[in-house]
Amino acid sequence: MTSAAAVAEGRVAAGGGGANHGARHVAIIMDGNGRWAKKRHLPRAVGHKRGVDAVREVVRAARTMGLEALTLYAFSTENWRRPEDEIAALMGLLKHFIVSDLDEFAANNVRLKIIGDYKAFAPDVVELVENALARTAGNSGTTLAVALNYGSQAEIAKAAAKAAAKGTITPESIEAELDTALLPPLDLLIRTSGEVRLSNFLLWQAAYAELWFTEVLWPDFKPDHLQEALDAFAQRERRYGGR
Ligand code: FPP
């Protein structure tokens, strides 16, 4: 698709504040925290902590780059299989992140959204999350969607069951029940650390997304890498199955 057509469709802000890449919604599988720490003979938790620093920078960049939505894979349904102390470290970091960064989101019109079943987390985490959701619900800038206790196959099964209960099973009726229903279509899916798979993340939403893989480990991922991915996205011709 030419950029002119994209502008005509309203997918690109014409002449718009840095949003010349055409992407509205980017998702990231943030992988490699453990390997980053191991290379430095540090505990894995330190890798996750540096991963949160990378999250903060990338959320700021997503805002200034004009993205409507950024979806981050923070905790999968499979992550419960990790050792208890690592899960505790991830929960502690999540809580700390919400407490320390909520004012910045609120001040910068960032709307927080959760995909996945976050209510399975400990009550104090659920309370913090719900407070952050409520506080940012009226914001209209970039949506930061954090995937917590998220698995795409379960999401699709649940959406299909809801669609069936309403009487129609079509791609559109299922899509309307997905956790991402109110977000723009996914344009670009990034995975760090050299792994080349989707790991049960946004399987439905990725149907026509562009995929971008990098060897960079997540704690080393900088706004420049996001820009590189968006530049690559802007060069790609998306045909959505047509010619
Ligand atoms: C993958 O690294 C990363 C995760 C399992 C979690 C990602 C979480 C964060 C960046 C921190 C929490 C997020 C927020 C939004 C506060 P890995 O441990 O699988 O790395 P490895 O494959 O090198 O072992």
Side-chain angles (χ1 to χ4, degrees), residues 1 3-4 6-7 9-33 36 48-74 93-94 96-115 132-133 135-148 180 182-193 201-202 205 209-214 216-236 238:
M1 178 173 291
S3 58
V7 171
E9 266 188 14
R11 295 193 303 112
V12 181
N20 56 0
H21 41 70
R24 297 171 67 193
H25 182 182
V26 174
I28 310 181
I29 301 174
M30 310 180 289
D31 198 6
N33 296 346
W36 184 95
H48 293 313
K49 188 165 186 296
R50 294 296 292 268
V52 176
D53 295 339
V55 166
R56 185 172 294 117
E57 290 302 313
V58 165
V59 173
R60 286 179 185 148
R63 239 187 333 105
T64 57
M65 289 172 188
L67 291 181
E68 285 176 49
L70 175 70
T71 300
L72 300 177
Y73 205 4
L93 285 169
L94 174 66
H96 185 260
F97 175 70
I98 294 174
V99 170
S100 61
D101 286 51
L102 187 55
D103 284 346
E104 183 173 331
F105 296 158
N108 288 294
N109 205 16
V110 172
R111 188 172 66 110
L112 185 69
K113 182 177 170 57
I114 305 295
I115 63 169
L133 289 172
R135 182 143 172 235
T136 61
N139 290 350
S140 57
T142 303
T143 296
L144 170 62
V146 182
L148 293 177
T180 52
L182 299 176
L183 298 178
L186 182 63
D187 292 307
L188 174 65
L189 176 59
I190 297 172
R191 182 170 189 149
T192 61
S193 90
F201 187 51
L202 302 180
Q205 296 85 343
E210 297 291 327
L211 309 180
W212 195 79
F213 298 96
T214 175
V216 173
L217 302 176
W218 177 250
D220 290 329
F221 192 91
K222 300 280 176 272
D224 279 354
H225 298 112
L226 178 60
Q227 187 62 59
E228 193 184 332
L230 288 167
D231 289 346
F233 173 82
Q235 297 303 315
R236 294 192 190 172
R238 300 174 86 195

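In this structure, L226 CG and M65 CE are separated by 4.5 Å, a value rounded to the nearest 0.5 Å. Atom CD1 in I28 sits 8.5 Å away from atom CG in L188 (nearest 0.5 Å). With values rounded to the nearest 0.5 angstrom, D187 atom CG is found 9.5 Å from L230 atom CG. Here the CG-NZ distance, from L70 to K113, works out to 14.0 Å after rounding to the nearest 0.5 Å. Note that CD of E210 is 10.0 Å distant from CG of L186, once rounded to the nearest 0.5 Å. With values rounded to the nearest 0.5 angstrom, N108 atom CG is found 9.5 Å from T142 atom OG1.
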* To do: Just do the side chain to side chain contact (heavy atoms under 4.5 Å, CB included) check on V55 and W218 with the steps written out, would you?
  => CA-CA 9 Å; V55 166; W218 177 250; 3.9 Å; yes
* **Check against side chain to side chain contact (heavy atoms under 4.5 Å, CB included), R63 and N109** => CA-CA 9 Å; R63 239 187 333 105; N109 205 16; over 6 Å; no
* To do: Test side chain to side chain contact (heavy atoms under 4.5 Å, CB included) on T192 and D220 and set out the steps.
  => CA-CA 10 Å; T192 61; D220 290 329; over 6 Å; no
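Using modelled atom types, one finds a donor on one side chain and an acceptor on the other under 3.5 Å when comparing R111 with T143. Residues D231 and Q227 bring a donor and an acceptor atom of their side chains to less than 3.5 Å of each other.
Scanning for side chain to side chain contact (heavy atoms under 4.5 Å, CB included) contacts around K49 gives L93, with sequence neighbours left out. Looking at residues two or more places apart in sequence or on another chain, you find a salt bridge (charged side-chain N to carboxylate O under 4.0 Å, His left out) between E57 and R60. Listed by chain and number, the residues in a salt bridge (charged side-chain N to carboxylate O under 4.0 Å, His left out) with D103 are R135 (sequence neighbours excluded).
Remark: the backbone N or O of A106 is not paired with any side-chain donor or acceptor of T136 at under 3.5 angstrom.
Nearest heavy atoms, A61 versus P223: CB-CB, 3.6 Å. Considering every non-hydrogen atom in both H25 and P184, the closest pair reads ND1-O, 2.8 Å. Across all their heavy atoms, L217 and G32 have their closest contact at CB-O, 3.9 Å. A69 and L183 get closest at one heavy-atom pair: CB-CD2, 4.2 Å. In terms of heavy-atom proximity, F233 sits nearest to G22 at CE2-C, 3.8 Å. In this structure, S100 and R56 approach most closely via the heavy-atom pair OG-NH2, 3.6 Å.
In this structure the side chain of I115 reaches within 4.5 angstrom of the side chain of L202, judged on heavy atoms. At a threshold of 4.5 Å between non-hydrogen side-chain atoms, the residues L148 and L94 count as touching.
Paired with L144 under the rule side chain to side chain contact (heavy atoms under 4.5 Å, CB included), one option of L72, L67, N139, T71 passes, and it is L72.
Around atom CZ of R50, no more than 12 heavy atoms belonging to other residues, nucleotides or ligands sit under 6.0 Å away.
Using a 30° and 60° split on the angle between ring planes, F221 and H225 fall in the tilted class, from 30° to 60°. Note on ring orientation: taking the six-membered ring where Trp is involved, the planes of F201 and Y73 are parallel (angle under 30°, cut-offs 30° and 60°).
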